[in-house]
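See below for the structure under consideration.
Index from 1, following the sequence. Values reported hereafter were calculated over all heavy atoms of this structure, with side chains retained and with hydrogens, waters and symmetry mates removed.
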Amino acid sequence: MFNVTGLIEKAFENDNVLINLNHIARDYAKSDQKLIRAPNCFNDDINVFFTLIDSFLSCKTIRSLSINLSCIIVMHWDIDRVIRRLAKLLESQKCPENTFIDLAANDIIGFNLLTIVLALSSGRCPKGLHIHLGHNKITELGAQALAHSLISGRAPERLRLNLSGNPMSDGVISLCVALKSGACPEQFYLDLRMVDLTERALCALGTSLASGRCPKYLTLVLIANRMQAIDWLIHALKSNNCPQGLTIFTACNLFNEGYIILLLLPLLMQRCTPIGFNLTFNCLRQGDADIAVHALMALAPGSFPFKTRIDLPMHPEFKRINALFIENDKVHQDKFLALATLL
């Protein structure tokens with residue numbers, strides 16, 4: 001593990017590398033988050049940061065690499081240089097699988113993303129790459145650029161892209177076009193929390209999920225803050241083309257979870273939801289939630305498709321709910337084994 005926090009200190013001699021620049025940036029940042037000129041030592045640290053990456057990737061095999069550059073807005077004039085260097089690093093084919101790069105809260109705009117987009121389209125990025133671009137200033141144009149990298153068909157497998165808190169609005173439509181292009185990685189994680197999903201964006205998202213060309217194992221993280229969000233979810237789940245490994249993590253602002261569950265129950269019982277469908281509610285409101293949970297618990301194991309999950313971690317009965325879906329899978333497995341024995 002290596003930390004760059006003013007002084008570079010060698011902590012352990014192993015294959016896991018952590019490079020962290022955000023702490024000294026926060027030390028220099030003012031409470032009102034205005035851009036200020038950082039001391040020269042920070043510039044030195046950035047140079048050491050580049051040297052450190054080069055030296056490690058050239059002399060040894062790295063099993064895991066995590067680079068934390070979140071909140072370094074005090075180095076605003078250097079962010080483009082840092083991103084270009086990171087993009088070059090990603091294209092070097094020296095990064096290990098599951099490399100994590102945190103660029104959150106850096107006032108990044110679409111122009112800064114160009115080199116990242118080219119890297120993602122190169123076909124040389126590591127599998128399992130996780131890029132955190134949350135809470136920047138990525139607008140519709142930036143979303144379009146990222147969508148082009150996905151449509152290229154050369155984005156890394158198991159890509160995780162966090163775009164939470166960006167003012168991209170209808171830019172989500174471009175991402176939806178990428179989702180239904182059939183060129184996205186088979187396993188794809190897209191975080192759209194705190195992104196204002198307009199009615200047009202929600203419609204595009206629902207259409208993409210029902211297109212039959214979305215990634216097979218797609219994970220969406222979003223906030224359902226409009227009635228249309230519920231409508232497109234139900235509409236997409238009714239389609240036989242919905243991705244089988246679909247996972248949705250959601251928090252509801254205006255409508256409680258129980259209401260959605262009650263709408264989903266008929267689909268679950270009719271086996272209309274895709275195999276492997278997961279829906280997690282990260283917040284909980286009383287009322288219909290209890291009614292929905294009682295209705296859920298009254299159903300017999302085996303009533304739902306295999307590997308279905310509805311997770312309400314904040315509900316008092318969450319353990320019994322989890323047990324129901326585990327038992328549901330067991331019933332399906334027993335039926336499969338019995339059929340295999342007959343054959």
Side-chain angles (χ1 to χ4, degrees), residues 15-19 53 57 61-70 83 86-104 113 115-134 138 142-143 145-164 166 172 174-193 195 205 208-209 211-222 241-250 274-280 306-307 309 311:
D15 295 334
N16 301 314
V17 176
L18 167 65
I19 300 175
I53 290 179
L57 294 181
T61 301
I62 306 298
R63 292 182 181 176
S64 67
L65 176 63
S66 179
I67 301 176
N68 187 347
L69 300 174
S70 61
I83 290 178
L86 289 173
K88 185 178 179 181
L89 172 66
L90 291 174
E91 290 185 273
S92 69
Q93 295 186 301
K94 296 179 179 179
C95 292
E97 290 190 17
N98 304 317
T99 291
F100 174 52
I101 296 179
D102 189 347
L103 289 167
L113 286 177
T115 49
I116 290 289
V117 167
L118 291 174
L120 290 175
S121 306
S122 68
R124 294 190 290 270
C125 288
K127 297 178 181 179
L129 174 64
H130 183 180
I131 301 181
H132 190 344
L133 292 167
I138 300 172
L146 289 169
H148 281 299
S149 69
L150 297 172
I151 293 173
S152 71
R154 293 187 292 272
E157 297 178 21
R158 306 193 311 276
L159 175 64
R160 295 171 60 91
L161 193 57
N162 189 330
L163 298 174
S164 59
N166 280 290
V172 174
S174 299
L175 295 172
C176 292
V177 172
L179 286 177
K180 66 179 181 181
S181 68
C184 287
E186 188 177 55
Q187 296 184 40
F188 182 41
Y189 177 101
L190 180 61
D191 192 335
L192 296 174
R193 279 174 296 182
V195 173
L205 197 51
S208 296
L209 291 177
S211 68
R213 298 180 62 82
C214 271
K216 184 176 181 180
Y217 301 101
L218 173 65
T219 298
L220 286 175
V221 186
L222 49 86
N241 297 323
C242 202
Q244 292 202 344
L246 177 64
T247 298
I248 297 178
F249 294 91
T250 182
I275 294 174
F277 172 66
N278 286 260
L279 181 61
T280 297
F306 186 49
K307 292 186 178 179
R309 290 291 185 274
D311 190 11

Got a list of side-chain donor-acceptor pairs under 3.5 Å for residues 179-186, not counting sequence neighbours?
unit_1	atom_1	unit_2	atom_2	d
Ser181	OG	Ala178	O	2.6
Ser181	OG	Ala183	N	3.2

Straight-line distance of Arg158 CZ to Phe188 CZ, nearest 0.5 Å: 14.0 Å
Euclidean distance, Arg124 CZ relative to Ser92 OG, rounded to 0.5 Å: 9.5 Å
Closest non-hydrogen atom pair between Thr115 and Ala87, with its separation: O-CB, 3.4 Å
Salt bridge (Lys or Arg N to Asp or Glu O under 4.0 Å) against Asp191, all qualifying residues, sequence neighbours excluded: Arg193
Interatomic distance, Cys95 atom SG to Leu90 atom CG [nearest 0.5 angstrom]: 5.0 Å
Distance in Å, Leu133 CG paired with Ile83 CD1, rounded so as to fall on 0.5 Å steps: 7.5 Å
Nearest atoms (heavy-atom pairs only) where Cys125 meets Ala119: SG-O, 3.1 Å
Side chain to side chain contact (heavy atoms under 4.5 Å, CB included) evaluation trace for Leu190 with Leu163: CA-CA 7 Å; Leu190 180 61; Leu163 298 174; 4.1 Å; yes
Of Thr219, Leu220, Asn278, the residue whose pairing with Phe249 passes side chain to side chain contact (heavy atoms under 4.5 Å, CB included): Thr219
Which residues share a ring-ring contact (aromatic ring centres under 6.0 Å, His included) with His130, sequence neighbours left out: Phe100
Positive for side chain to side chain contact (heavy atoms under 4.5 Å, CB included) with Ile131, one of Ile116, Leu86, Asn162, Asp102: Ile116
Donor-acceptor contact present, side-chain Ser149 to main-chain Leu146, <3.5 Å: yes
Minimum side-chain heavy-atom gap Thr280-Arg309 below 4.5 Å: no
Least distance between heavy atoms, Ser208 atom then Cys214 atom: O-SG, 3.0 Å
Leu129 CG to Leu65 CG distance, which is reported to the nearest 0.5 Å: 10.0 Å
Minimum-distance pair of heavy atoms, taken over all atoms of Pro156 and Pro126: CB-O, 3.2 Å
Between CD on residue Gln187 and OG1 on residue Thr247, distance to nearest 0.5 Å: 10.5 Å
